[in-house]
S.K.: 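Following this message is one structure expressed as structure tokens.
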Amino acid sequence: MSSPRNASTPASDRLAQLGAAMAVRPYARRGMSQSNEMIRVVLADDHGIVREGLRVLLRSAPDITVVADAENGVSALSLAQQLAPDVVVLDLDMPGGDGVTALREIQEKTPSVRVLILTMHAEHERLLTLLESGARGYLSKAAASTDLIEAIRVVAAGEVYVRPAAARLLAAAIVPQRTDETAQSRFRTLSDREKTILRSVAQGYSGAEIARRLGISSKTVDAYKRRVEEKLSFRHRTDYVRFAIEAGILGQVEAG
């Protein structure tokens with residue numbers, strides 16, 4: 001006999017409890033936009049208790065509002081079309097239309113809606129495929145309590161959210177088989193600061209985070225990014241990750 005759709009599991013119970021605990025934590029204001037516009041979010045997960053836990057967690061963010069939730073990919077697509085939210089937080093494994101199919105259809109039918117993948121699986125080998133399918137970020141549910149609010153803000157701002165730890169694990173798994181001498185030669189044509197910017201973007205840091213780490217302004221970061229994109233003919237944020245993997249530099253850590 002199958003378990004009820006909303007049956008409690010240790011992971012979902014923990015997420016619900018963490019959501020309630022996070023409601024009073026000051027981190028919730030980290031990365032807030034200076035504008036007064038609310039970030040409108042649709043939550044898509046087949047477990048009701050997980051959706052409720054995420055709702056409670058997101059109540060601690062004064063600039064984020066959950067406008068609807070969906071229990072499968074078909075519903076997620078329908079809500080994206082009806083409500084045009086800023087971000088859809090999408091689980092990968094759902095009945096009645098899985099998350100990967102929903103991701104592709106959302107991007108095809110509502111390209112202005114940004115999708116953040118939130119999954120129980122640490123499937124870093126799927127990261128590039130998901131980004132190329134249109135996802136603007138990837139986050140494990142195990143990290144939701146500390147990173148989800150920031151991830152939503154980054155994705156809503158038009159950035160790609162990939163945490164450094166996930167990017168480095170991806171690099172460790174792929175780089176030995178995919179290091180490309182041509183990519184390495186092209187990488188060497190960049191200045192030291194351009195190399196740092198490229199690596200940081202590929203590792204998932206936002207423009208504001210890079211500026212803080214390097215002690216420069218966000219406008220300066222943007223200027224360096226434009227130089228990198230012109231020199232290497234980048235057209236999309238996923239180009240940074242792919243190039244870094246091919247050049248074998250994604251897992252390298254900058255000092256300072």
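Residues take their numbers from the sequence shown, with the count starting at 1.
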S.K.: Is there a side-chain contact between L58 and I152 in this structure, where contact means two heavy atoms from C-beta onward sitting under 4.5 Å apart?
M.R.: yes

S.K.: To check you understand the geometry: which heavy-atom pair defines the closest contact between P85 and V42, and what is its length?
M.R.: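 Between these two residues, the closest heavy atoms are CG-CG2, 3.7 Å.
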
S.K.: Going through the checks in order, is the salt bridge (charged side-chain N to carboxylate O under 4.0 Å, His left out) test met by E37 and R153?
M.R.: CA-CA 12 Å; E37 294 185 6; R153 287 172 177 157; over 6 Å; no

S.K.: Considering all heavy atoms of both residues, which atom of D93 and which atom of D46 are nearest to each other, and what is their separation?
M.R.: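 Result for this residue pair: O-OD1, 3.5 Å.
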
S.K.: Could you go step by step and tell me if E229 and D239 meet the side-chain contact (heavy atoms from CB on, under 4.5 Å) rule?
M.R.: CA-CA 9 Å; E229 289 162 7; D239 292 335; over 6 Å; no

S.K.: Within the distance-only criterion (no hydrogens, no angle test), does the side chain of R186 pair as donor or acceptor with the backbone N or O of L232 below 3.5 angstrom?
M.R.: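 Between the backbone of L232 and the side chain of R186 there is a qualifying donor-acceptor contact (under 3.5 Å).
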
S.K.: Taking it one step at a time, do D45 and L118 satisfy side-chain contact (heavy atoms from CB on, under 4.5 Å)?
M.R.: CA-CA 9 Å; D45 192 289; L118 181 67; 6.0 Å; no

S.K.: Restricting to non-hydrogen atoms, name the atom on Y240 and the atom on A202 that form the minimum distance, rounded to 0.1 Å.
M.R.: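 Shortest heavy-atom separation between Y240 and A202 comes out as O-CB, 3.5 Å.
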
S.K.: Work out which heavy atom in E194 is nearest to a heavy atom in Y224; give both atom names and the distance.
M.R.: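 Taking E194 first and Y224 second, the nearest heavy atoms are CG-CD2, 3.8 Å.
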
S.K.: Nearest 0.5 angstrom please: L116 CG to D86 CG, how far?
M.R.: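 Here the rounded value is 13.0 Å.
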
S.K.: If you look at every heavy atom in L214 and R193, which pair is closest and at what distance?
M.R.: CD1-CD, 4.0 Å

S.K.: About how many Å separate NE2 of H47 and CE of M120, when rounded to the nearest 0.5 Å?
M.R.: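 It is 9.0 Å, given to the nearest 0.5 Å.
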
S.K.: Using modelled atom types and a 3.5 Å cut-off, is there a donor and acceptor pairing between side-chain atoms of T189 and backbone atoms of S185?
M.R.: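 Pair absent, no side-chain N/O of T189 close to backbone of S185.
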
S.K.: Taking the side chain as every heavy atom from C-beta outward, state whether V87 and I64 have any pair of such atoms under 4.5 Å apart.
M.R.: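 No, every pair of side-chain atoms sits at 4.5 Å or beyond.
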
S.K.: Tell me whether R227 contacts the main-chain N or O of S191 through its side chain, where contact means a donor paired with an acceptor under 3.5 Å.
M.R.: no

S.K.: Measure the CG-CG distance between L57 and L43 for me, rounded to the nearest 0.5 Å.
M.R.: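 Those atoms lie 9.5 Å apart.
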
S.K.: Say whether V154 and M38 are linked into one hydrophobic cluster, either directly or through other cluster members, by side-chain heavy-atom distances under 4.5 angstrom.
M.R.: no

S.K.: Begin from the C-alpha positions of L54 and D69 and carry the test side-chain contact (heavy atoms from CB on, under 4.5 Å) through to its verdict.
M.R.: CA-CA 10 Å; L54 295 175; D69 56 62; over 6 Å; no

S.K.: Mind checking the CG-CD1 spacing from D63 to I149? Nearest 0.5 Å is all I need.
M.R.: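 So the CG of D63 and the CD1 of I149 are separated by 8.0 Å.
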
S.K.: Look at the side chain of R40 and the backbone N and O of T65, then say whether any donor-acceptor pair between them is shorter than 3.5 Å.
M.R.: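 Not at all, since once roles are kept as given, no pair shorter than 3.5 Å links the two residues.
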
S.K.: Does one side chain, of Q82 or S78, offer a donor that lies under 3.5 Å from an acceptor on the other?
M.R.: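 Result is yes, a qualifying pair exists.
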
S.K.: Any idea which heavy atoms bring L103 and A135 closest together, and the distance?
M.R.: CD1-N, 3.6 Å

S.K.: Run the side-chain contact (heavy atoms from CB on, under 4.5 Å) check on I249 and L198 step by step: do they pass?
M.R.: CA-CA 10 Å; I249 51 90; L198 187 158; 4.0 Å; yes

S.K.: Rounded to the nearest 0.5 Å, what's the gap from CG on D147 to CG on L139? Could you check?
M.R.: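 Atom-to-atom, D147:CG and L139:CG are 5.5 Å apart.
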
S.K.: Say you draw a straight line from OG1 of T101 to CE of M94; how long is it, rounded to the nearest 0.5 Å?
M.R.: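 That separation rounds to 9.5 Å.
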
